[in-house]
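What follows is one structure encoded as structure tokens, with my remarks underneath.
Throughout, a chain's letter reflects where its sequence line sits, starting with A, and its residues are numbered from 1.
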Number of protein chains: 2
Amino acid sequence: MTFSEENYLKSIYSLQKDSPKGVSTTILAQYLESKPASVTEMIKKLDEKGLVLYQPYQGVLLNKNGELVALKVIRKHRLWETFLAKKLDFSWDEIHDVAEQLEHIKSDKLIKELDRFLGFPTHDPHGDPIPDEQGNVIKVEKKQVSQLVPGDTGTCVGVNDTSSSFLQFLDQQQIKLGTVIEIMHLQDFDKSMTVRIDGRELLLSQIATENIYVKF
Amino acid sequence: MTFSEENYLKSIYSLQKDSPKGVSTTILAQYLESKPASVTEMIKKLDEKGLVLYQPYQGVLLNKNGELVALKVIRKHRLWETFLAKKLDFSWDEIHDVAEQLEHIKSDKLIKELDRFLGFPTHDPHGDPIPDEQGNVIKVEKKQVSQLVPGDTGTCVGVNDTSSSFLQFLDQQQIKLGTVIEIMHLQDFDKSMTVRIDGRELLLSQIATENIYVKF
DNA sequence: AAATAAGTTTAGGCAAACCTAAAAAATATA
DNA sequence: TATATTTTTTAGGTTTGCCTAAACTTATTT
Ligand SMILES: [Mn+2]
Ligand SMILES: [Mn+2]
Ligand SMILES: [Mn+2]
Ligand SMILES: [Mn+2]
């Protein structure tokens, strides 16, 4: 399994939720910052290796094998993110890029020991669940803040956008995992929301409310 | 800097101590488990990049630039080895292979934080000094056990051979860093030595005594 | 000094993972 | 349904890092 193959499988895993009948080469290429022609080549290879289902012109989907490999890479990614945030003083907007490299280190013992060292965490610093060794993922009951209505209250359990700029914005607003958000008002024309957090009132744009997940 | 380039520089660094007028392509190829022709290609590239001094047929040496890069990779390798041994319950014969992968992760912040997390260690689990950020290495006063004579006493400060089999042998004999070794007798015909460790007497072959370093 | 042996470089290839441009297929539009 | 547009694949290149075999240089023998 090369770095590149692992990245393809991980990307297909993420994208196939929104494209359940097949991830197109264009979308995959966009996601991987490469070109459709390159994607076609690689998914043909992954198909021959028995990791994906590929039908020309119809897109690609992971099979059981491929999904397990993808989940193992995601497990490593999220364990490393947890390590960086909990043990090394990285902030949650800095961990992703380094974890993109660390997730490809090959050593079963390493990941087992890291898991133990971190106290068998169930979620990473962005609130995403960490798959277990067998590839089982805890499904989290969560809603976007944008789906709540005035009067509702939710507790932040994760984010969708994990870009530095968004995470830094959340830090500025003192929104983190566990933060309680109460919806005060919905501005009709732009879907922005006035919310209350720790007594403070603040305005969140639609983009923001769509990228914050809460449980309730 | 690719993984391969980093491995070449690291290898030249190790080999040039014993070949001060130039590391030959054959020796480098052997060390890297590749072929002389491949080595020639790569050192030409490293020469063009201004990292080594290469004269056809005369071997290769690191210049200041290349040495600094090599030392930074070695620093990362040894910090990761320390992490694996101190924090993750790896034994000293298991750490090297994983560190060979981890040493190529690119992140200044990561290595700085790791260093702090480990308490700024000066030596790795094999007794080798960890270069600082500027590439300075502490020179350790050390002798091979084979250089001692009966009556001498030394404290183990490192090993030369870091193969699993040798390190596991040392574990079996309960020889580790800090172990005090007293030379009792030198067998003339095969240069094996009878030594005393914690009251126990045991016989070490010449190969063994040449691969254990002590200070005295 | 000449011949032989050993070590090194050059030449020509290969696989992985990219790319651009052209061809082919699928989809949308008139 | 025929045509135009978009998407996807195929064909042909490039770069990196490796290989073998042949050519060349240096070192060692006779
Ligand atoms: Mn991430
Ligand atoms: Mn994450
Ligand atoms: Mn090592
Ligand atoms: Mn070491």
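Protein atom CE of A:M42 is 12 Å distant from nucleotide atom C1' of C:dA15, rounded to whole Å. Regarding A:K45, its NZ atom lies at a distance of 11 Å from the C1' atom of C:dC18, rounded to whole Å. Counting to the nearest Å, the P atom of D:dT15 and the CD atom of B:E5 are 15 Å from each other. The nearest whole Å value for the distance from the CZ atom in A:F3 to the P atom in C:dA17 is 11 Å. A straight line from NZ of B:K35 to P of D:dA21 spans 10 Å, rounded to a whole angstrom. Counting to the nearest Å, the P atom of C:dA26 and the NZ atom of A:K21 are 14 Å from each other. Atom CD1 in B:I43 sits about 16 Å away from atom P in C:dG7, given to the nearest Å. Here D:dT16 presents its P atom at 17 Å from CG of B:N7, a figure rounded to the nearest Å.
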Practice prompt. Decide side chain to side chain contact (heavy atoms under 4.5 Å, CB included) for B:Q134 and B:L68; before the verdict, give the C-alpha distance in whole Å, the side-chain angles of both, and the deciding distance to 0.1 Å.
Written response: CA-CA 8 Å; B:Q134 285 74 44; B:L68 185 60; 5.8 Å; no
Worksheet item: A:L51 and A:L62: side chain to side chain contact (heavy atoms under 4.5 Å, CB included), yes or no, with the steps?
Response: CA-CA 6 Å; A:L51 293 161; A:L62 297 179; over 6 Å; no
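Residue contacts shown for A:S38 include a base, since a base heavy atom lies under 4.0 Å away. Within the 4.0 angstrom heavy-atom criterion, base atoms lie near B:P36. Residue B:T40 is in base contact, counting any heavy-atom pair closer than 4.0 Å across all strands shown. Residue-level contact check: B:S4 touches the backbone only, with heavy atoms under 4.0 Å from sugar-phosphate atoms and none from bases.
Nearer the 5' end of DNA chain C, as judged by each residue's closest nucleotide, is the contact made by B:A37, out of A:Y8 and B:A37. Closest-nucleotide positions on DNA chain D for A:Y57 and A:E41 were compared, and the one nearer the 5' end corresponds to A:Y57.
The ring of B:F3 has its center no closer than 6.0 angstrom to the ring center of B:Y8. Ring centers of B:H96 and B:H126: at least 6.0 Å apart, outside the cut-off.
Screening A:V23, A:L46, A:D47, A:T25 for a side-chain contact (heavy atoms from CB on, under 4.5 Å) with A:Y54, the sole residue that qualifies is A:D47.
When each of D:dT9, C:dT10, C:dC19 is scored by its nearest atom to the side-chain atoms of B:K44, the top-ranked nucleotide is C:dT10.
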